[in-house]
2 protein chains.
Amino acid sequence: MAVTIRDVAKATGVSISTVSRALATPEQVAEPTRLLVQQAAREMGYRPNRAARGLITGRTACIGLVVPDLENPFFGSIGKGVQDRARSAGYAVFIGDSGEDPTLEAEVVRSIAKQVDGVILCSARGTDETILELAGDTPVVLVNRSIEGLESINFDNAAGLRAIMQHLVALGHTTIAYAAGPANSWSSRRRTEAFRAFGEAAPALTLVELGDFPPVFDGGVRAADLAIASGATAVVAYNDLMALGLIDRLRQRGMRAPDDMSIASFDNVAVSAMVWPKLTTVDFPRVQMGRACVDTLLDLVLGRPHAAPRTPELPVELVVRQSTGVAPASAAIRGADIPAATSMGAVTTP
Amino acid sequence: MAVTIRDVAKATGVSISTVSRALATPEQVAEPTRLLVQQAAREMGYRPNRAARGLITGRTACIGLVVPDLENPFFGSIGKGVQDRARSAGYAVFIGDSGEDPTLEAEVVRSIAKQVDGVILCSARGTDETILELAGDTPVVLVNRSIEGLESINFDNAAGLRAIMQHLVALGHTTIAYAAGPANSWSSRRRTEAFRAFGEAAPALTLVELGDFPPVFDGGVRAADLAIASGATAVVAYNDLMALGLIDRLRQRGMRAPDDMSIASFDNVAVSAMVWPKLTTVDFPRVQMGRACVDTLLDLVLGRPHAAPRTPELPVELVVRQSTGVAPASAAIRGADIPAATSMGAVTTP
DNA sequence: ATGAAAGCGCTAACAC
DNA sequence: GTGTTAGCGCTTTCAT
């Protein structure tokens, strides 16, 4: 068995409560006693049993992190940030993988809830009701999604979308498609809304909504053919993986990005800069988001006042690389052929 | 406060030990009592407090997983497998990110050790001594690395290397380079050894050792120029990320894979099949490895006899895609020019 | 400033 | 088969 507070007490000749105090609340113990105890504890290799402490304090010094898919580097980055900040705050992190399955997700959260002081939840698919119910069990901070009444940390999806659009318009694109992610994804909806809003503010542009698509390579492949058929010269993909699928399908059809079609996307996953063409994409400070989640959760758990406003939107940044370029000449001509008066705003395709 | 075993006892009119037994060891309780208690517990929303249970049983029903970098999808996959298997065995998973830093790693393991029944450790860099010391604190299962006296799960690196080599030789390559990963990486050393062994068994081949390199994109970029200079027509990269770097640098220099040079690698990370050319690479069943780690760790923790032999090497599989092709004609001629008698075995380059 | 004692929620002997 | 009791390691009143 490991060395306990009792052993230290016996070794130093003081009572167990004094040992406890010397270690947990040193200011309550006289200098010489404190030093004696602290040194003995160190020499004996004493390590407090957190379970025992938790039993009485009611706090576990653990937090939970539940993500849809650990294999997805997006969530790995968030996990890194969470782990990092939690560790320096003296908290351990439980991990849960919900496998993109709302039912399993609820189960995972519930099973973890009792053992932690709070949960950071990345839930793209679960319903608001389920999540609110979960939040009844334990403090919850949402990632990348907002629900009325719950704390959450988000990226500024709309700003990212606008940055992409401005970039593409500056390159001379006038017909631009957005290949949406899953319909039930909160961030995809935010981007779609921003896309429409952009179109309304710029009626000279022809905007085409494509999708929804699964947020993976194959989703991009599917989107590619529709994008080509739509006459768009640039496509904004929901995420980098879809962008890769788009580019691949383009190549299969003898086209090249960015020469024949510009592709931009969201996420800036590591491989974005390792492929050809390197992707123009919106960078999210994911590790930083993980840290922010822990800060917010601990505010909640410890009843601290919030320094930051509720549900802030973390700033994002467009990284311009090689997958976007000037609009093809033919398109420019085609665009020129269309009288400005007859140009329409957002056009929707199922 | 949450509902406790006491509340259930009060509600049903039985003693707390009967409640405890009805829930933990149902076969020790009479049918009617058991049903009564179980139903009441369910209705009242009773959930056992694992910390309290752990305090007395000495087991936490938690395991730890410490990886060098959560952002690396390789470890994400392992984490997924670990989490999955642990969950179905009733165990929760603590996560630790060591940030590729051996010092931090030891600290993370130590801080986690007290709260778990055992640790799964992915340590590429730590010294044997440190790890053995850590293993004194808590049961440890090593991933992707072997140390005498410790349990570990590995992939069959040598078989993977041989599969690649046979594939390249069949394509007509006679001068083949290996771009090694970090010198202190266990798996990289295994692959280097296998590379040399292959060369000794096939003296007609010219084998070139390059590196070591950091196991990332830039490492591949660095390797590319050396590979070209070496006269090799095919390069085996330590991992997929390096392969991407190789391909990128080749392109910068006006060359193409596989036409001018074949590139093969290890890992089969998800993006391997999303880039152009899609990578020929050795697939590791990582999720399955994560599961195997949990099985082995629980054998250790529960004192179960081992079904599998110690330190088995998980089978790997070569996935042939587009980054490898027949040796360029010029190289074939060059190769033919060299009399078989003067062909040499492995050639080492610093 | 320090010690004694009472638990936190649960399991494991030990009685009946 | 079920109840009683004694802790697991720790914090926290309450005395002193």
Side-chain angles (χ1 to χ4, degrees), chain A residues 1-38 40-41 44-62 90 92 111 113-117 137-138 302, chain B residues 1-38 40-41 44-62 90 92 111 113-117 137-138 302:
Chain A
M1 215 59 217
V3 33
T4 77
I5 205 175
R6 236 190 189 79
D7 301 325
V8 180
K10 207 153 290 174
T12 53
V14 303
S15 76
I16 58 165
S17 14
T18 302
V19 176
S20 173
R21 277 188 284 253
L23 268 21
T25 48
E27 67 279 7
Q28 293 182 26
V29 174
E31 181 90 20
T33 330
R34 189 179 66 219
L35 263 49
L36 177 72
V37 172
Q38 288 175 338
M44 303 172 68
Y46 169 78
R47 314 217 95 209
N49 181 325
R50 302 176 90 157
R53 175 179 298 175
L55 201 51
I56 175 158
T57 60
R59 288 194 287 95
T60 60
C62 296
S111 79
K114 289 289 146 186
Q115 321 180 49
V116 299
D117 295 339
D137 280 12
T138 185
L302 304 176
Chain B
M1 214 60 216
V3 33
T4 78
I5 205 177
R6 236 191 188 78
D7 301 325
V8 179
K10 208 152 288 175
T12 54
V14 301
S15 77
I16 58 164
S17 24
T18 302
V19 176
S20 173
R21 277 189 286 255
L23 267 21
T25 49
E27 67 279 6
Q28 292 181 28
V29 174
E31 181 89 21
T33 333
R34 190 180 65 218
L35 264 48
L36 177 73
V37 172
Q38 287 175 338
M44 303 173 68
Y46 169 78
R47 314 218 97 210
N49 181 325
R50 302 177 91 157
R53 178 181 295 174
L55 200 52
I56 176 158
T57 60
R59 288 194 287 96
T60 60
C62 296
S111 78
K114 290 289 148 191
Q115 321 181 49
V116 300
D117 294 339
D137 279 11
T138 185
L302 305 175

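In what follows, chains are A, B, ... by sequence order, proteins preceding strands, each numbered from 1. Hydrogens, waters and symmetry mates are skipped; everything else that's a heavy atom, side chains included, is used.
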Practice task
Round to a whole Å and report the spacing from NZ of B:Lys114 to C1' of D:dG9.
Solution key: 13 Å

Problem - From A:Arg50 atom CZ to B:Thr60 atom OG1, the distance as rounded to the nearest 0.5 Å - result: 12.5 Å

Handout entry: Interatomic distance, A:Arg59 CZ vs D:dC10 C1' [rounded to whole Å]
Key = 14 Å

Fill in the blank from the handout: If each end axis of the helix from C:dA1-D:dT16 to C:dC16-D:dG1 is fitted on five C1' pair positions, the angle between them, to 10 degrees, is 40°

Handout entry: Set of side-chain hydrogen bond (donor to acceptor under 3.5 Å, both in side chains) partners for B:Asp7, sequence neighbours left out
Key = none

Problem - From A:Arg59 atom CZ to A:Leu302 atom CG, the distance as rounded to the nearest 0.5 Å - result: 6.0 Å

Exercise for the section: Check whether any side-chain nitrogen or oxygen of A:Thr18 sits under 4.0 Å from OP1 or OP2 of C:dT2, and answer yes or no. Expected result: no

Exercise answer: donor-acceptor pairs, residues 19-34 of chain B side-chain atoms, under 3.5 Å, sequence neighbours excluded:
{"residue": "B:Glu31", "atom": "OE1", "partner": "B:Arg34", "partner atom": "NH2", "Å": "3.0"}

Handout entry: Side-chain heavy atoms of A:Pro48 within contact of A:Arg53, under 4.5 Å
Key = yes

Exercise for the section: Summarise protein proximity over nucleotides 10-16 of chain C in one line of letters, 5' to 3': B for base, S for sugar-phosphate only, - for none, counting protein heavy atoms closer than 4.0 Å. Expected result: SBBB---

Practice task
Look at the side-chain N and O atoms of A:Thr33 and state whether any lies under 4.0 Å from the OP1 or OP2 oxygen of C:dA1.
Solution key: no

Problem - 5'-most by nearest nucleotide on DNA chain D - A:Ala51 or B:Pro32 - result: B:Pro32

Problem - Protein-nucleotide distance (A:Glu27, atom CD; C:dT2, atom C1'), rounded to Å - result: 15 Å

Exercise for the section: Please name all residues satisfying side-chain hydrogen bond (donor to acceptor under 3.5 Å, both in side chains) with A:Ser15, sequence neighbours left out, ordered by chain then number. Expected result: A:Ser17, A:Thr18

Handout entry: Smallest separation among heavy atoms of A:Asp117 and A:Ala61, with atom names
Key = OD2-N, 3.0 Å

Problem - Length of the CG-P vector between A:Leu35 and C:dA1, whole Å - result: 15 Å

Completion exercise
Across all chains, not counting sequence neighbours, the side chain to side chain contact (heavy atoms under 4.5 Å, CB included) partners of A:Lys114 are B:Ala2, B:Arg47

Problem - Contact check, side chains of A:Val8 and A:Met44, non-hydrogen atoms, under 4.5 Å - result: yes

Exercise for the section: Using whole Å, report how far CG of B:Leu36 lies from P of D:dG1. Expected result: 17 Å

